[in-house]
Amino acid sequence: LVKKVYHLTVTTYRLSGKLENYNNMRDNYQKALILNQILVGIIEKDIDRFPKMILHTDADLSGKTLHDKLDIQAGGQVEVLDEFGSGGQGTVYKVSYNGKTYALKWYHPGVFKGKENDFYKNLENNISNGAPTDAFLWPKAITKVYNDQFGYLMDVRPSGYEELTNFFVGGRKQKQARFKSFYALCTAAINIIEAFRALHNNGYSYQDINNGNFFINPENGDVLICDNDNVSPFGTNLGIMGKQRWMAPEIVMGKNDPDKNSDRFSLAVVLFRLLFINHPLEGRYSTPPCMTKELEQKYYGSAPIFVYDPTTSENRPIPGTDHNLKLFWNVYPDYVKDAFIRAFSHDVMMKQKPRILEKEWMDIFIRLRTEIGRCPYCGQETFYTFKGSHDIPCMECGKKIPITNALQIKNQILPIFPGLKISLWTVDSSLEDIRTQVAEVVKNPKDPKLLGFRNLSQRTWSINLPDGSQRP
């Protein structure tokens, strides 16, 4: 009995910890905390009598014990060293394999609802094909099957990374994560876009993009993507539908199985929340006194409304609670806001118009990162976005920064300021290179008022002079 109560306590605690301050679940959250306290009290009272029963679980609870060994399909054995944590699909263990430490995800019994063989074969295929990019904590190897249960190996997440959820909320035990800079934030968005562009170009769909999939280094924007066992080829679905508040409307309503188009809706939600923290569909209209399943389907499925939909103000941010959203909506350039207005327009959400592709998101976020510079007055980051004026207001101190020169690359006009770096993607995105920088704006060492371009590329530049002549 105590063992069962213990597992119920752990499950309750984990569920309550994943509620993310949902306005519509506050009552359930408080009840879960109270229940948890009651159950913990029962266990603590008799914990000395049942230490082994609490620390080691039986096979019917899907648990593995310390030093358990499992055969790997490709050869060799893994040894269980410790438990990292548990979720809805399975438990993740720290294991040793061929002298190296890995994470082993071991699935709970019955989680596949009769599709065990299909899921196993899909994992084998993904392991054989390899990861689309290094951002994915991709399955490395799969175990043999034990009483209809199995698991797979993946690399252990290194230190310094925060779960995406931690950038949205914080508390006494878990401080809210914050990016070191807007540059790091934009880099994280670019890395996420690059990963899913490669995934889709390789013929896969992720099918379950949500806040639990991403681990981000707040210092530099590096991204790791986990839970890749749900990844499937186009046209294949193994029963995974997604997570509420992140699923596309057609998935919420049960009209379609997840695919790359539903991925693109979920990707837009992730990118929006990176920039604005709040959810794009949650405002006055979609925050009732009591949430029901029917209302949930309405707000996220049949009748979603973007919080800044220009055609209606019905779902605007709630005064006093959506401070981040209102603050950052006034910070980012219009071309960024226009993209989200389109991504969450009625026609695009209802698939009457196409969803924004990864290539367009990449153009937007590389431009946004390129326009980040330091204010000459306060030294803080601001956006040097050309608006047809010779002055750009700093978003921190409000002082106007004079702009005397600009550079036009295709349809983009970049104000010239010290430290501006131009990427190869900005010059020619067809080369598919988001890493290489080709030019940097520097001050003349003899006259700091004069600015010039430093060539960071391996190519020799040529300049066209006013008289029509050209020289390197």
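- For Arg273 and Phe168, the positive end sits near the middle of the six-membered ring, less than 6.0 Å away and at most 45° from its axis.
- Within the 4.5 Å cutoff, side-chain heavy atoms of Val307 are placed close to those of Leu325.
- Between the side chain of Asp433 and the main chain of Thr436, a donor-acceptor pair closer than 3.5 Å is present.
- Annotation: side chain of Leu164 is in contact with side chain of Leu274 (closest heavy-atom distance under 4.5 Å).
- No donor-acceptor pair under 3.5 Å is formed between the side chain of Asn228 and the backbone N or O of Val231.
- A donor-acceptor distance shorter than 3.5 angstrom exists from the side chain of Arg355 to the backbone of Met349, with no hydrogens or angles considered.
- Taking the six-membered ring wherever Trp is involved, the centroid distance between the rings of His279 and Phe306 does not fall below 6.0 Å.
- Ser345 and Asp347 share no side-chain donor-acceptor pair at under 3.5 Å.
- Ring-centre distance between Trp246 and Phe214: not below the 6.0 Å cut-off.
- For the pair Asn191 (side chain) and Thr187 (backbone), a donor-acceptor distance under 3.5 Å is present.
- In this structure, Trp106 has its ring center no closer than 6.0 Å to that of Tyr93.
- Residue Gln207 is tested with Asn237, Asp257, Asp263, Thr236 for a side chain to side chain donor-acceptor pair (under 3.5 Å); the sole match is Asn237.
- Figure legend: Arg369 and Tyr183 shown as a cation-pi pair, the cationic atom lying under 6.0 angstrom from the six-membered ring centre and within 45 degrees of its axis.
- Between Ile403 atom CD1 and Ile401 atom CD1 the span is 6.5 Å, to the nearest 0.5 Å.
- Around NZ of Lys175, the count of heavy atoms belonging to other residues, nucleotides or ligands within 6.0 Å does not exceed 12.
- In this structure a side-chain-to-backbone donor-acceptor pair under 3.5 Å is present from Arg374 to Gly379.
- You'll find the side chain of Gln89 reaches within 4.5 Å of the side chain of Asp229, heavy atoms only.
- Between Ile192 atom CD1 and Met362 atom CE the span is 11.0 Å, to the nearest 0.5 Å.
- At least one side-chain heavy atom of Pro249 sits under 4.5 Å from a side-chain heavy atom of Met350.
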Kindly determine whether Glu381 and Lys180 satisfy salt bridge (charged side-chain N to carboxylate O under 4.0 Å, His left out), including the steps that lead there. CA-CA 11 Å; Glu381 284 182 312; Lys180 180 180 179 180; over 6 Å; no
Check against salt bridge (charged side-chain N to carboxylate O under 4.0 Å, His left out), Glu296 and Arg245: CA-CA 9 Å; Glu296 200 171 52; Arg245 301 172 75 236; over 6 Å; no
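- For the residue pair Tyr300/Glu282, the side-chain donor-acceptor check at 3.5 Å is satisfied.
- Atom NZ of Lys400 has 12 or fewer heavy atoms from other residues, nucleotides or ligands within 6.0 Å.
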Report the C-alpha separation of Glu371 and Arg367 in whole Å, then their side-chain angles, then the decisive distance to 0.1 Å, and conclude whether the salt bridge (charged side-chain N to carboxylate O under 4.0 Å, His left out) test is met. CA-CA 6 Å; Glu371 292 177 348; Arg367 176 182 175 183; 3.0 Å; yes
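- Taking 4.5 Å as the limit, some side-chain heavy atom of Val336 sits within range of a side-chain heavy atom of Ile364.
- Within the model, atoms CZ of Arg454 and CD of Gln437 stand 13.0 Å from one another, a figure rounded to the nearest 0.5 Å.
- Taking the side chain as every heavy atom from C-beta outward, Asp227 and Tyr206 approach each other to under 4.5 Å.
- For an aromatic pair to be called close, the ring centres must be under 6.0 Å apart, and Trp361 with Phe340 satisfies this.
- Counting only distance, with no hydrogens or angles, the side chain of Thr292 and the backbone of Cys290 share no donor-acceptor pair below 3.5 Å.
- Crowding of Lys140 atom NZ: a count of heavy atoms from other residues, nucleotides or ligands under 6.0 Å not exceeding 12.
- Heavy atoms of other residues, nucleotides or ligands lying less than 6.0 angstrom from NZ of Lys337 number more than 12.
- For the ring pair (Phe, Tyr, Trp, His ring centres under 6.0 Å) test with Phe383, the passing option among Phe328, Phe417, Phe182, Tyr335 is Phe182; the others fail.
- Ring orientation note: the planes of Phe234 and His200 are tilted relative to one another, at an angle of 30° to 60°.
- Side-chain contact of Asn211 with Lys243: a donor-acceptor pair under 3.5 Å is present, judged by distance alone.
- Under the 30°/60° scheme for interplanar angles, the aromatic rings of Tyr308 and Trp329 are found to lie parallel.
- In Lys359, the NZ atom is crowded: over 12 heavy atoms of neighbouring residues, nucleotides or ligands sit closer than 6.0 Å.
- Crowding of Asp428 atom CG: a count of heavy atoms from other residues, nucleotides or ligands under 6.0 Å exceeding 12.
- A ring-centre distance under 6.0 Å is found for Phe119 and Phe112.
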Tell me, with the steps shown, if Glu163 and Arg157 meet salt bridge (charged side-chain N to carboxylate O under 4.0 Å, His left out). CA-CA 11 Å; Glu163 186 175 327; Arg157 171 171 54 94; over 6 Å; no
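- The environment of CG in Asp467 is crowded: more than 12 heavy-atom neighbours from other residues, nucleotides or ligands sit within 6.0 Å.
- Residue Gln458 places its CD atom among 12 or fewer non-hydrogen atoms of other residues, nucleotides or ligands, all under 6.0 Å distant.
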